[in-house]
Novice: 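I am attaching a structure below and will ask some questions about it afterwards.
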Amino acid sequence: MAIITSLCAFIYHLPALSRWLLRPYYALSATLSVAFLAVRKLPPLCSALPSDREDGNSCDFDWREIEILMFLSAIVMMKNRRAMNTEQHVGNVFMFSKVANLLLFFRLDVRLGLIYLVACLVFVVTCRPPLYMGPEYIKYFSDRTLEEELSRDRHTVWLVEFFANWVPECQTFAPIFADLSLRYDCPGLKFGKVDAGRYGDASAKFKVSASPLAKQLPALLLFCDGVEAMRRPLTDSRGRAVTWTFSQENVIREFNLNEIYAEGSSRKKRKEVKEVKKEEVKEVVKEEVKEEEGSVAETKKNK
C-alpha cells in the first residue's frame, strides 16, 4: 500500500516536476545527483572502475556503496518530513544526493572526487535557483514607502515579509506567500514585501537582521493600526531566530488570517452599503428637486 501511495503521489506531481526539470538549474542539479549512478552502471564507463565485490563485477554497487545510499535515503526521508512544498522536497533530494555522490566518488578514486567537487563548485557559483514569477497581490516597499503606507492608512492590516533573494528559505516561501496574498487580499488586509538585503534602513528600523548567522530571514511582521503587532520568527537573547516552520497552515493559524480576512471583507461590504445608500439619497434628492422645479414652473404658468 505504501508503494502504491508513493507511486500515485509521484504521478500526481509529475507535471509540476517536469516543468522544474526543464529549467537549467534543476536539469543540471539532477544530472549531478545521478552522476555516480551513471558512472557505476553504464558499461563503457564502469568497466575500468575498481570494485570491492567478491565477483569482481565493477558495474554494480558493492556493500559499502549500498550502505551509503541507504543512509542517504534515511536522511532525505527525515528532512522531507519538515518540507513545506514539493519544490523543497526535490531540493532536499538533490542536495543530499550530491553529498552522497561526493563521498562515493572520493571513496572510488580521489581524482574522480576532485573532478566532481570542482563541478559542484562551478554549479553553485554559476547557477541560481529560479525566482518565483507567478501571480500575486503583493506591494513591494523600500525604506520610506513602508513607513508612508503604514502612517497613511492605519485601518488596514499589513502582513509584510522581509526577504533576500540569496536565502534559500525565502525562495521556498515565495510561492506560499504569493498564494496567501491571492487568497486573503481584501480592503482590510494587504500583503507587502521588503528586500532586507537591499533596504538596510528599513531592516534596521524594524530590527530584522539580514546576516546569514542570525537566520532571521524570511521574517513576517503583522502591522495593525500602523504599528507592529507580532512577528515570526521570534529571536532569542543573542539575536538568533527561534526555529519556526514557514508553512501555509502555520502562517494562517499564527497570524489569524481567517479572522482578519472576515473582518476586512465585512468592512468592504459596509463600505459598499454606505456607497449604495449615498447613491440612493442622491437619487431621492434629484427627484425632489425635479418635482419642486416642476411645481414652480406649473405655478408660474397658471399665473
Side-chain angles (χ1 to χ4, degrees), residues 25-26 29 32-33 72 75-76 78-85 87-103 117-132 138 140-147 158-178 180 191-223 227-251 254-255:
Y25 173 83
Y26 292 109
S29 192
L32 289 173
S33 299
L72 165 68
I75 293 295
V76 169
M78 288 189 294
K79 284 291 184 180
N80 277 343
R81 291 176 62 183
R82 299 183 60 185
M84 294 181 288
N85 50 33
E87 185 173 358
Q88 193 169 6
H89 278 278
V90 176
N92 287 337
V93 172
F94 285 161
M95 180 178 65
F96 289 103
S97 295
K98 292 169 192 171
V99 174
N101 273 264
L102 185 62
L103 295 175
L117 178 60
V118 171
C120 289
L121 292 175
V122 171
F123 172 78
V124 170
V125 172
T126 59
C127 296
R128 298 293 182 189
L131 300 177
Y132 177 78
I138 297 175
Y140 287 79
F141 295 108
S142 63
D143 290 327
R144 295 182 179 179
T145 55
L146 177 57
E147 295 184 51
W158 280 92
L159 184 60
V160 181
E161 177 197 358
F162 285 77
F163 74 101
N165 288 327
W166 46 266
V167 179
E169 290 79 4
C170 294
Q171 297 173 3
T172 302
F173 184 63
I176 297 175
F177 194 65
L180 289 171
F191 293 79
K193 274 190 171 185
V194 177
D195 191 337
R198 183 177 181 184
Y199 301 110
D201 291 343
S203 302
K205 177 177 177 57
F206 295 102
K207 298 179 181 179
V208 177
S209 175
S211 170
L213 298 177
K215 295 184 178 181
Q216 293 185 19
L217 299 178
L220 285 178
L221 278 68
L222 185 73
F223 294 94
V227 296
E228 180 185 338
M230 65 177 298
R231 71 167 60 196
R232 291 292 184 274
L234 300 173
T235 55
D236 57 21
S237 57
R238 296 178 295 175
R240 291 178 61 87
V242 178
T243 303
W244 192 75
T245 303
F246 281 86
S247 64
Q248 188 175 89
E249 295 77 12
N250 281 354
V251 175
E254 292 286 331
F255 291 93

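When reading the values below, keep in mind they use all heavy atoms of this one structure, side chains included, and skip hydrogens, waters and symmetry mates.
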Novice: What residues, two or more places apart in sequence or in another chain, satisfy side-chain contact (heavy atoms from CB on, under 4.5 Å) together with Ala119?
Specialist: Leu32
Novice: Any side-chain heavy atom of Trp244 sitting closer than 4.5 Å to one from Leu234?
Specialist: no
Novice: Show your working on side chain to side chain donor-acceptor pair (under 3.5 Å) between Lys98 and Ser29 and close with a plain yes or no.
Specialist: CA-CA 8 Å; Lys98 292 169 192 171; Ser29 192; 2.8 Å; yes
Novice: Got a second to check how far Phe223's CZ is from Glu147's CD, nearest 0.5 Å?
Specialist: 9.5 Å
Novice: Minimum heavy-atom separation for Leu217 and Ala164, please, with both atom names.
Specialist: CD1-CB, 3.8 Å
Novice: To the nearest 0.5 Å, what is the distance between CG (Leu213) and CZ (Arg238)?
Specialist: 11.5 Å
Novice: Can you name the closest pair of heavy atoms from Ala219 and Val208 and give their distance?
Specialist: CB-CG1, 4.0 Å
Novice: Search all heavy atoms of Ser97 against all heavy atoms of Leu72 and return the closest pair with its distance.
Specialist: N-CD1, 3.8 Å
Novice: Can you give me the closest heavy-atom contact between Lys215 and Ala241, atom names plus distance?
Specialist: O-CB, 3.0 Å
Novice: Do Leu180 and Gln248 have side chains that approach each other closer than 4.5 Å (heavy atoms only, starting at C-beta)?
Specialist: yes
Novice: Verify side chain to side chain contact (heavy atoms under 4.5 Å, CB included) between Val251 and Ile176, making sure each step is shown before the conclusion.
Specialist: CA-CA 10 Å; Val251 175; Ile176 297 175; 5.6 Å; no
Novice: How close do Pro233 and Gln216 get, counting heavy atoms only, and between which atoms?
Specialist: CD-O, 4.0 Å
Novice: Taking the side chain as every heavy atom from C-beta outward, state whether Leu159 and Phe177 have any pair of such atoms under 4.5 Å apart.
Specialist: yes
Novice: Provide the closest heavy-atom pair for Ala210 versus Trp166 in the form atom of the first, atom of the second, distance.
Specialist: O-CH2, 3.1 Å
Novice: Does the side chain of Phe163 come within less than 4.5 Å of Asp195's, by heavy atoms?
Specialist: yes
Novice: Using only atom types and a distance under 3.5 Å, with no angle test, would you say the side chain of Thr245 pairs donor to acceptor with the backbone of Ser247?
Specialist: no
Novice: For side chain to side chain contact (heavy atoms under 4.5 Å, CB included), just list the numbers for Val160 and Phe206, CA-CA rounded to whole Å, side-chain angles, deciding distance to a tenth of an Å, and then say yes or no.
Specialist: CA-CA 11 Å; Val160 181; Phe206 295 102; over 6 Å; no
Novice: If you round to the nearest 0.5 Å, how far is CG of Leu222 from CZ of Arg231?
Specialist: 11.5 Å
Novice: Has the side chain of Asn250 got a donor or acceptor atom that lies under 3.5 Å from a matching backbone atom of Phe246?
Specialist: no
Novice: Can you confirm whether Arg232 sits close enough to Phe255 that some side-chain heavy atom of one is under 4.5 Å from a side-chain heavy atom of the other?
Specialist: yes
Novice: When rounded to the nearest 0.5 angstrom, what distance separates CD in Glu161 from CD1 in Ile138?
Specialist: 7.0 Å
Novice: For residues Tyr199 and Thr145, determine if any side-chain heavy atom of one lies less than 4.5 Å from a side-chain heavy atom of the other.
Specialist: no
